[in-house]
Amino acid sequence: MGRPPTRVTNRIRALRFEHGEMTQQALADAVGVTRQTIIAIEQGKYSPTLEAAFRIAATFRVPLEAVFQFKLDDQG
């Protein structure tokens, strides 16, 4: 069989609004990626690199786990 599917979710949109309604472009500029990348990450269509994930968390001054959640599909 192979590896079970995984799911990475995030709270980026909520965190942007909790931080003065930060725009996707402002977050992209702070992280060093494109706005399109932020959109794809927010929508769960793209998993960021580890470095980008840490940069996003650092931008919001929160731990990585406050931004991204990881769950194997068989964990409910």
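Keep in mind it's a predicted model, so treat the numbers as computed, not measured.
A distance of 5.5 Å separates CD of Gln36 from CD1 of Ile39, quoted to the nearest 0.5 Å. The CZ atom of Arg16 sits 11.0 Å away from the CD1 atom of Ile56 when rounded to the nearest 0.5 Å. Here the CD1-CZ distance, from Ile41 to Arg13, works out to 16.0 Å after rounding to the nearest 0.5 Å. Note that the NE2 atom of His19 and the CD1 atom of Ile12 stand 12.5 Å from one another [nearest 0.5 Å]. Between atom OG1 of residue Thr9 and atom CD of residue Glu42 there is a gap of 13.0 Å, rounded to the nearest 0.5 Å. For the atom pair Leu50 CG and Arg55 CZ, the distance stands at 11.5 Å (nearest 0.5 Å).
The nearest pair of heavy atoms linking Arg7 to Gly44 is NH1-O, 3.8 Å. Annotation for Val31 and Ala52: closest pair CG1-O, 4.0 Å, computed over non-hydrogen atoms. Scanning all heavy atoms of the two residues, the minimum distance from Ala66 to Arg11 falls at O-NH1, 3.5 Å.
Surrounding CZ of Phe60 are more than 12 heavy atoms belonging to other residues, nucleotides or ligands, all under 6.0 Å away.
Side-chain contact between Met22 and Leu15 is absent, with no heavy atoms from C-beta onward closer than 4.5 Å. With contacts defined as side-chain heavy-atom distances shorter than 4.5 Å, the pair Phe68/Ser47 does not qualify.
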